[in-house]
Amino acid sequence: MNFFYLHAGFMLTATLLLLAGVSVAKFWRRKRWWLKAHRRTALTGVATMIAGFASAIMLVSLSGQPHFGPPHTWLGAATLSGIVLTPVLGFSQFRFPAHAAAIRSVHRWSGRLTLIMALITITAGLMLAGIL
């Protein structure tokens, strides 16, 4: 199995799901169903990105290369951290209602920055693969 294509497929799918989650929150907030759709698409994106990360570990392990060599790997680790942090913040605003407004603001900025980081990481990955 070629783990490169598996990794690229998972990460592309995850980024599109995260983009859909942000879009739902941004453009369909007035609909009754927006929060359920936002949670489902975003959490599916998180799970898919974790699967992409696991396939990257297999890809690098089989190649014999160091795990954290090129910038793409470091950017990917930072993006994955944001991918995990953002939903934690999203759920925390319901757990701590006294701080909901502050947590919501950080959650929104974390989501935006994480999506931007994902796009930067994809670009670095495409450059590493020689596609760009």
Side-chain angles (χ1 to χ4, degrees):
M1 169 174 280
N2 191 335
F3 285 102
F4 172 77
Y5 293 115
L6 194 61
H7 171 68
F10 276 136
M11 292 306 195
L12 177 62
T13 303
T15 303
L16 292 174
L17 284 165
L18 294 173
L19 184 60
V22 169
S23 297
V24 166
K26 179 78 175 153
F27 300 113
W28 290 298
R29 184 180 308 262
R30 304 246 186 261
K31 303 290 185 182
R32 285 185 17 203
W33 48 264
W34 83 269
L35 186 57
K36 278 186 182 180
H38 173 67
R39 283 181 184 164
R40 287 180 181 160
T41 55
L43 289 176
T44 304
V46 169
T48 306
M49 190 158 289
I50 290 171
F53 180 71
S55 65
I57 290 172
M58 291 300 299
L59 173 68
V60 173
S61 294
L62 292 174
S63 73
Q65 300 292 322
H67 282 279
F68 286 99
H72 172 71
T73 58
W74 292 99
L75 291 168
T79 302
L80 189 66
S81 298
I83 290 292
V84 172
L85 174 67
T86 302
V88 169
L89 289 167
F91 286 110
S92 294
Q93 66 185 328
F94 299 108
R95 179 88 167 110
F96 305 105
H99 305 287
I103 294 170
R104 186 177 306 112
S105 177
V106 175
H107 167 69
R108 287 176 179 170
W109 280 105
S110 176
R112 292 171 188 148
L113 291 174
T114 300
L115 189 56
I116 291 168
M117 282 295 298
L119 296 174
I120 292 168
T121 304
I122 288 170
T123 303
L126 292 173
M127 290 170 62
L128 180 65
I131 297 171
L132 287 181

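The figures here come from the full heavy-atom set of this structure, side chains too, leaving out hydrogens, waters and symmetry mates.
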- [ ] Drop me the distance from Met49's CE to Thr13's OG1, to the nearest 0.5 angstrom.
- [x] 10.0 Å
Task: With Ser110, the side chain to side chain contact (heavy atoms under 4.5 Å, CB included) member among Val88, Ile83, Leu85 - done: Leu85
Task: Pairwise distance CD1(Ile103) to CZ(Arg108) - rounded to 0.5 angstrom - done: 13.0 Å
- [ ] Taking atom types as modelled, find out whether Thr121 and Thr79 have a side-chain donor-acceptor pair closer than 3.5 angstrom.
- [x] yes
- [ ] Give the minimum heavy-atom separation between Ala100 and Gln93, together with the two atoms involved.
- [x] CB-O, 3.5 Å
TODO: Measure from the side-chain N and O atoms of Thr123 to the backbone N and O of Leu119, and report whether any donor-acceptor pair falls under 3.5 Å.
DONE: yes
- [ ] Determine whether Tyr5 and Leu12 fall in the same hydrophobic cluster, where Ile, Leu, Val, Met, Phe, Trp and Tyr are linked whenever their side-chain heavy atoms lie under 4.5 Å apart.
- [x] no
Task: Plane angle bin for His107 and His38 - parallel if under 30°, tilted between 30 and 60°, otherwise perpendicular - done: perpendicular
Open item on the list: Do Leu43 and Leu17 have side chains that approach each other closer than 4.5 Å (heavy atoms only, starting at C-beta)?
Closed with: no
- [ ] Evaluate the side-chain contact (heavy atoms from CB on, under 4.5 Å) criterion for residues Asn2 and Leu6: first the C-alpha distance (whole Å), next the side-chain angles of each, then the deciding distance (0.1 Å), finally the verdict.
- [x] CA-CA 7 Å; Asn2 191 335; Leu6 194 61; over 6 Å; no
- [ ] State, to 0.1 Å, how close Trp34 and Val24 come at their nearest heavy-atom pair, and which atoms those are.
- [x] O-CG1, 3.3 Å
- [ ] Kindly assign one of parallel, tilted or perpendicular to the pair Trp28 and Trp33, based on the angle between their ring planes and the thresholds 30° and 60°.
- [x] tilted
Open item on the list: Minimum heavy-atom separation for Gly45 and Ala14, please, with both atom names.
Closed with: O-CB, 3.4 Å
Open item on the list: So for atom CZ, which belongs to Arg95, do other residues, nucleotides or ligands contribute more than 12 heavy atoms lying within a distance under 6.0 Å?
Closed with: no
Open item on the list: Restricting to non-hydrogen atoms, name the atom on Thr41 and the atom on Ala20 that form the minimum distance, rounded to 0.1 Å.
Closed with: OG1-C, 4.2 Å
- [ ] May I ask whether Leu18 and Met117 are part of the same hydrophobic cluster, defined by side-chain heavy atoms of I, L, V, M, F, W, Y residues being less than 4.5 angstrom apart, directly or through others?
- [x] no
Open item on the list: How close do Ile131 and Phe4 get, counting heavy atoms only, and between which atoms?
Closed with: CD1-CZ, 4.4 Å
Task: Heavy-atom closest pair, residues Phe10 and Thr48 - done: O-CG2, 3.3 Å
Task: same_hphob_cluster(Leu128, Leu75) at 4.5 Å side-chain heavy-atom cutoff - done: no
TODO: Consider only side-chain heavy atoms of I, L, V, M, F, W and Y, link residues closer than 4.5 Å, and tell whether Val46 and Leu35 are in one cluster.
DONE: no
Task: Same apolar cluster: Met58 and Val60, side chain cutoff 4.5 Å - done: no
